[in-house]
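I have placed the structure first, in the form of structure tokens, so that the comments after it can refer back to it.
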Amino acid sequence: MMITFNDNEKKLKDDLNRDIALPAVVHERINTAYRMIEEHTVKQKKKTRNPYHWMKTGAKVAGGLAAAVAVGFIFCAANPVMAREIPLIGGIFEQLQDKVSFFGNFSDKATSLEESAAPTSDTEKLPETSSADETPRETVFTKTQDGLTITLSEIYANDLTCYITVKAVSEEPFPDTLMDQDGKPCISLVTEPRYSFLEDTGMNPGMQYINPEGEFTDDHTYIAILRLDTQFEDTAEFEQKYQEMVDEILAEMGITMDDINDETEEGHANLVEFNDRVLARGGALQSQYVKPIVTPETYTLNLTFKEFIGDKAEPEFWDSGYTQEELEAMSEAEFQEIMNQMPEEYSQNPNKYQNYWFKGDWSFEIPVTVDNSLTETLEINETNEEGIGLASIARTPYEITITPLYKEGSDSDCFLVALDADGNMLPYNRSSSDSYNYAIQDKNISFIDIYLLDYMQYMDELKVQYYNEELDNAEWKALLDANARYHKTVSLDK
């Protein structure tokens, strides 16, 4: 289920944007921005003009189907039993575990990767590691390319998620880096993970963007925790059924994909109607044809980092020569004509105006052992008269994942809101691309209230009312109760 850009958008990206090759990082940041808006982290201001109004509708569809068709990422785990016996004192988990969105106590569960790959005889000894004041030497889990040394050090994984610590040391000082809304450096890792148990399925996810959560400890050193979903899904049958549904809807509307991609008012109207029909039928396809892949207790992960990308603290933007007010006053055709004059290098990712980066081939072969002893799954499998409801809730010590359920013919154009027992909204896990994944560490989850609401009503009305009237928890819950298409209170007391 993860993101990273975003395999979970791939199907609709291919269908709806065949002629629009936006950089992957753009999609990633669009999703992040929408997630921040949806969870009330930021407010969405209405602009006078949105020349790309068609993109929001497409993003809405992609978001609606994302959780079900996502193919997640796994890093790995070493022996969790050993981890409890030998805590990693002073490690990166200990430094960062209270600063990440999925925070919790990892240091007493994690293990050292070098211990997990320890040789079985004196003739198989690993290369010696360097002292803290020396340039890191190459080892099984330390690789140097392009003046950047990447070290994987600690790891913990359960059967839903995997967490791994990373240190990046640059020979030259890192440039000043943009900070996100949580005060974390904006860093992306371009990776190619290959899982041994997926090799024969053709479902290895390929190149991915991963956004770690971390910090700079000095001008040369960046440390982070990567949080990666380990819930893989077999979507082959779903994709076949989905394409059949798309063809059927296009035939019913008497249009083609070219008509949807046409950036005119008529094209926009076709896209809106197409989206509505897909969302009214797609949920049942997800529930029926997307099959979870069981993650084995042990396997091998071959992980390669291709790029380490940072966002500059002071990026340079192309100057069109017009003011913001002048741009907003233009017709869409005039605006597009101006945008077409922008040099191509400004739209590339990465580019020298907005990013700094290192290119390489930092490759690691990682043995994986999964700890599933702390995972609990509550099967619900309930729908209401509209055919919408809940399939299950999976819980680990750090987060919960809520899976909606849609019957055939139901309208899956829903937005999910979850409240803890005190009425607080459960926060999204910022390192997950799954919009149904929530961090829980400082929340009272003896029980939770789960709401499925009409997507557009939530985005355009309910959330706006929440802000404008500054509703407290009780008022917000009452508003959700009054407008929910589905509501269930679920006890999570152990």
Side-chain angles (χ1 to χ4, degrees), residues 1 8 11-12 34 38-39 56-57 59-70 233 235 237-238 241-242 244-246 248-249 252-253 271-292 377-394 400-419 423 425-426 428 434-438 447-466 476-492:
M1 301 182 190
N8 47 1
K11 180 62 181 175
L12 286 170
Y34 272 103
E38 289 164 352
E39 73 169 318
K56 179 179 177 182
T57 311
K60 168 187 156 186
V61 177
L65 294 178
V69 299
E233 293 171 329
T235 61
E237 190 173 8
F238 167 83
K241 297 294 183 181
Y242 173 85
E244 292 174 1
M245 177 188 69
V246 166
E248 181 180 328
I249 291 173
E252 291 171 358
M253 295 176 62
L271 176 60
V272 170
E273 182 179 352
F274 175 82
N275 287 347
D276 289 341
R277 296 195 186 201
V278 167
L279 289 166
R281 307 179 195 181
L285 295 183
Q286 299 171 28
S287 300
Q288 187 173 357
Y289 295 111
V290 174
K291 308 298 183 185
T377 301
L378 176 62
E379 298 290 346
I380 298 175
N381 294 319
E382 169 189 287
T383 57
N384 61 14
E385 64 278 1
E386 289 188 53
I388 64 176
L390 292 178
S392 63
I393 301 174
I400 62 172
T401 299
I402 302 171
T403 304
L405 180 64
Y406 300 98
K407 286 188 175 179
E408 185 174 358
S410 63
D411 183 355
S412 60
D413 190 9
C414 293
F415 182 79
L416 192 150
V417 173
L419 306 181
M425 289 187 59
L426 288 179
Y428 290 108
D434 181 356
S435 59
Y436 304 136
N437 182 273
Y438 304 89
F447 66 85
I448 59 175
D449 281 289
I450 300 170
Y451 298 89
L452 288 170
L453 303 125
D454 179 86
Y455 186 96
M456 294 310 298
Q457 182 190 23
Y458 175 82
M459 296 301 294
D460 294 342
E461 299 175 20
L462 304 181
K463 179 172 58 64
V464 173
Q465 185 174 347
Y466 174 89
W476 177 233
K477 185 178 186 308
L479 185 63
L480 296 176
D481 286 333
N483 290 277
R485 295 179 58 190
Y486 174 88
H487 170 219
K488 187 174 183 64
T489 301
V490 181
S491 173
L492 295 181

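Remember, it's a predicted structure, so these values are computed and weren't measured experimentally. Position 1 is the first residue of the sequence; numbering continues from there.
Residues M459 and V464 approach most closely at O-CG2, 4.0 Å, considering heavy atoms. Between D481 and Y451 the shortest heavy-atom distance is OD1-OH, 2.7 Å. The shortest non-hydrogen separation linking I393 to I400 is CG2-CB, 4.4 Å. Across all non-hydrogen atoms, the minimal contact from S491 to L378 is O-CD2, 4.3 Å. Taking all atoms of both residues into account, the shortest heavy-atom contact from R485 to L453 is CD-C, 4.2 Å. The two atoms that bring A391 and L405 nearest to each other are N-CB, 3.6 Å, heavy atoms only.
At a threshold of 4.0 Å, the pair E252-R277 counts as salt-bridged, since one of the basic side-chain nitrogens sits closer than that to a carboxylate oxygen. Ion pairing between a basic and an acidic side chain is recognised when a charged N comes within 4.0 Å of a carboxylate O; E237 and K291 show no such pairing.
Counting heavy atoms from C-beta on, the side chains of T403 and S392 come closer than 4.5 Å. A heavy-atom distance below 4.5 Å is found between the side chains of V278 and I249. A 4.5 Å side-chain heavy-atom check between H487 and I450 finds every atom pair outside the cut-off. Between L452 and L416, some side-chain heavy-atom pair lies under the 4.5 Å cut-off. Contact annotation: the side chain of L426 never approaches that of V417 to less than 4.5 Å [non-hydrogen atoms, C-beta and beyond]. Taking the side chain as every heavy atom from C-beta outward, E273 and N275 never approach each other to under 4.5 Å.
Ring pair F415/Y458: centre-to-centre distance below 6.0 Å.
Expressed to the nearest 0.5 Å, how far CD of E382 lies from CG of L390 amounts to 7.0 Å. For the atom pair CG (L492) and CD1 (I448), the distance works out to 4.5 Å, reported to the nearest 0.5 Å. One distance of note links NZ of K407 with CD1 of I388; it measures 12.0 Å at 0.5 Å rounding. Between the OH atom in Y242 and the CG atom in L285 there is a gap of 9.5 Å [rounded to 0.5 Å].
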Q: Evaluate the side chain to side chain contact (heavy atoms under 4.5 Å, CB included) criterion for residues Y438 and Y428: first the C-alpha distance (whole Å), next the side-chain angles of each, then the deciding distance (0.1 Å), finally the verdict.
A: CA-CA 5 Å; Y438 304 89; Y428 290 108; 3.9 Å; yes
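Enclosure of atom NZ in K477 by more than 12 non-hydrogen atoms of other residues, nucleotides or ligands within 6.0 angstrom is indicated.
In summary, of the residues considered (Y406, Y455, Y486), a side chain to side chain contact (heavy atoms under 4.5 Å, CB included) with C414 occurs for Y406 alone.
In terms of modelled atom types and a separation under 3.5 Å, the side chain of N384 and the main chain of G387 share a donor-acceptor contact. Under a 3.5 Å cut-off, the side chain of N483 and the backbone N or O of Q457 do not form any donor-acceptor pair.
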